[in-house]
There are 2 protein chains.
Amino acid sequence: MELIKNLNISVDCVVFGYDIISKSLNLLLIHRYLESKSTKEVLVNDYVLTGYHIYEHETLDQSATRVLEELTGLSNTYKKQFKAFGDPNRLKDEKDAPWIDNEAFNQRTVTIAYYFLVKTEDVDLNSKQKAKWFPVSELPKLGFDHKKIILEAYEDLKLKCLTEPIIFELLPDKFTINEVQDLYKSILNVEIDNRNFRRKLIHKKYIIPLDEKQVGVSKKPAQLYMFSKDIYEKMHQKNYLINI
Amino acid sequence: MELIKNLNISVDCVVFGYDIISKSLNLLLIHRYLESKSTKEVLVNDYVLTGYHIYEHETLDQSATRVLEELTGLSNTYKKQFKAFGDPNRLKDEKDAPWIDNEAFNQRTVTIAYYFLVKTEDVDLNSKQKAKWFPVSELPKLGFDHKKIILEAYEDLKLKCLTEPIIFELLPDKFTINEVQDLYKSILNVEIDNRNFRRKLIHKKYIIPLDEKQVGVSKKPAQLYMFSKDIYEKMHQKNYLINI
DNA sequence: ATAATTAAACGTCATTTAAACACTAAGTAT
DNA sequence: ATACTTAGTGTTTAAATGACGTTTAATTAT
């Protein structure tokens, strides 16, 4: 199939990756570097989201999925289209001018922004020299309007993880209660009482204790659990609780 | 300023209007009618959202705001960009073919969809022959992918009104508790116990009783209240309540 | 073997919140 | 004065939440 780009529309991918070892919520960013051919002066040196123009035959979802897969090799990950960014000047900041000149794309581009939830360990970055994980709390200098995009994605994620079981997208299939709690802490930046959290989670019918414990830990090994999406979807009736 | 349209990108506006008299949540739709010039056969006869291509100098928000204002005369209304729709075949359904031929726009168009919250009474449709309100529960035949867009907007609204005080965008400045309850009923399609609802609302510090009662009603006049956005924003701390 | 260490796991009480439920009060229209 | 209509009120029970300290099960060091 012939690949025809639409220069007016792109997708950008905010890739959240959780590192269960360091308990760090990370973002996958691409290094952007440009120096002057004549003077060797560094013109651009920062990071951007991964993204690309859409192809004419693709849906937006397909486009985003493609871009993610090209970078990470992953498909079938959780994704959410959370906002479109279309300020006519969004690519026209002074800091981005050398880059834009170099790339020679000067059309207005509206970008449809997605975020993805993955496990850092699932991504092999060895073949991707320019890609690097950054903790959400220690972001580097960012190009274009990508800082804004990231912050909006993060806000959306914070809200979403309170009401939908997307947290389990960031965890291995088998996890401990404390690992879930640590993840919530990483995302929300709040302290959570372990006993109360534990009680709450264990009582959910879709949090299923396994006949397994952690292995290879140098302490009391914790009980492992799994999340049953099936049960969740059957049991969980939306409660229209007005909470303004 | 010269107005240059971008044919690849449009905005569509899902306009929710609440009619406090009939207690009906409505949608503002545009009649789309086309008959064959030769045979007089009716080729297209349905309704669509109001929408238009974006201009090159506009932000997406400005574009949506412009489109809404052209139709309703309203500015400063609540709006939310809730999703982009970009299926390459979204305008290529058989039912839309005569219309597309007639309009002669055949480029792929990604639309950024917004919803707006207004009071039906604030909109003067006299000069807009083609525009009409429909109760959300009695939608007419819809063109393009607009049914899908509407349903997604409605779902978003249902969720949003549970956690943010957007309900008051649909009510007059002075309202009764029962009017708020009726509105929730109209949006959510659920029964709500009046006593519990009343107690809950009256205890909110940002729901302020006025020294006024309803006038001109042929029954016991109800106490009027107002919503203080100021107080809401100061008082309302986000409670990170995990509710999966 | 024993002790020290570390994180997991458990339980209670006080408070808050939600759900269920039926009657009286206050005004208007006749 | 009476009928009518909607506004407005209170209690009880169950469930969920938040605050808080101690015990248990494993590994590591001696």
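Order of the sequence lines fixes the chain letters, A, B, ..., with proteins taken first and strands second; residue numbering starts at 1 for each chain. Values in this document were obtained by computation on a predicted structure and should not be read as measured data.
- A donor atom on one side chain and an acceptor atom on the other are not found under 3.5 Å apart for B:Gln81 and B:Asp61.
- Scanning for ring pair (Phe, Tyr, Trp, His ring centres under 6.0 Å) contacts around B:Tyr154 gives an empty result, with sequence neighbours left out.
- Separating the CZ atom of B:Phe175 from the C1' atom of D:dA7 is a distance of 16 Å, rounded to the nearest angstrom.
- One interatomic measurement links the two molecules: CD of A:Glu179 to P of C:dA7, which rounds to 14 Å at whole-angstrom precision.
- Contact of A:Lys220 with D:dT24 (side chain to base): a donor-acceptor pair of N or O atoms is detected under 3.5 Å.
- Residues from residues 184-202 of chain A lying near DNA chain D, meaning a heavy-atom separation below 4.0 Å, are A:Asp193, A:Arg195, A:Asn196, A:Arg199, A:Lys200 in numerical order.
- Nearer to the 5' terminus of DNA chain D, by closest-nucleotide assignment, is the contact made by B:Ile177 (compared with the other of A:Pro221 and B:Ile177).
- Comparing C:dA26, C:dA18, C:dA9 against the side chain of A:Leu241 picks out C:dA18 as the nearest.
- Annotation: cation-pi pair B:Lys83/B:Phe85 present, NZ/CZ under 6.0 Å from the ring centroid and within 45° of its normal.
- The separation between A:Lys219 atom NZ and D:dT24 atom C1' is 16 Å, rounded to whole Å.
- Rounding to whole angstrom units, NZ of residue B:Lys213 and P of C:dT28 are separated by 11 Å.
- Salt bridge annotation for B:Asp12-B:Arg90: present, with a cationic side-chain nitrogen under 4.0 angstrom from a carboxylate oxygen.
- One atom, NE2 of A:His203, and another, P of D:dT17, lie 11 Å apart when rounded to the nearest Å.
- No hydrogens or angles considered: nothing links the side chains of B:Asn26 and B:Asp19 as a donor-acceptor pair under 3.5 Å.
- Listed by chain and number, the residues in a side-chain hydrogen bond (donor to acceptor under 3.5 Å, both in side chains) with A:Tyr115 are A:Asp156 (sequence neighbours excluded).
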When you look at A:Lys213 and A:Leu224, which way does the side-chain contact (heavy atoms from CB on, under 4.5 Å) test go after all the steps?
-> CA-CA 5 Å; A:Lys213 301 194 172 226; A:Leu224 290 171; 5.7 Å; no
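- C:dA9 atom C1' lies 13 Å from atom CD of A:Gln181, rounded to whole Å.
- Where B:Asn178 and A:Ser218 meet DNA chain D, the nucleotide closest to each residue was compared, and B:Asn178 sits on the side nearer the 5' end.
- Rounded to whole Å, the distance from CD on A:Gln214 to P on D:dT27 is 12 Å.
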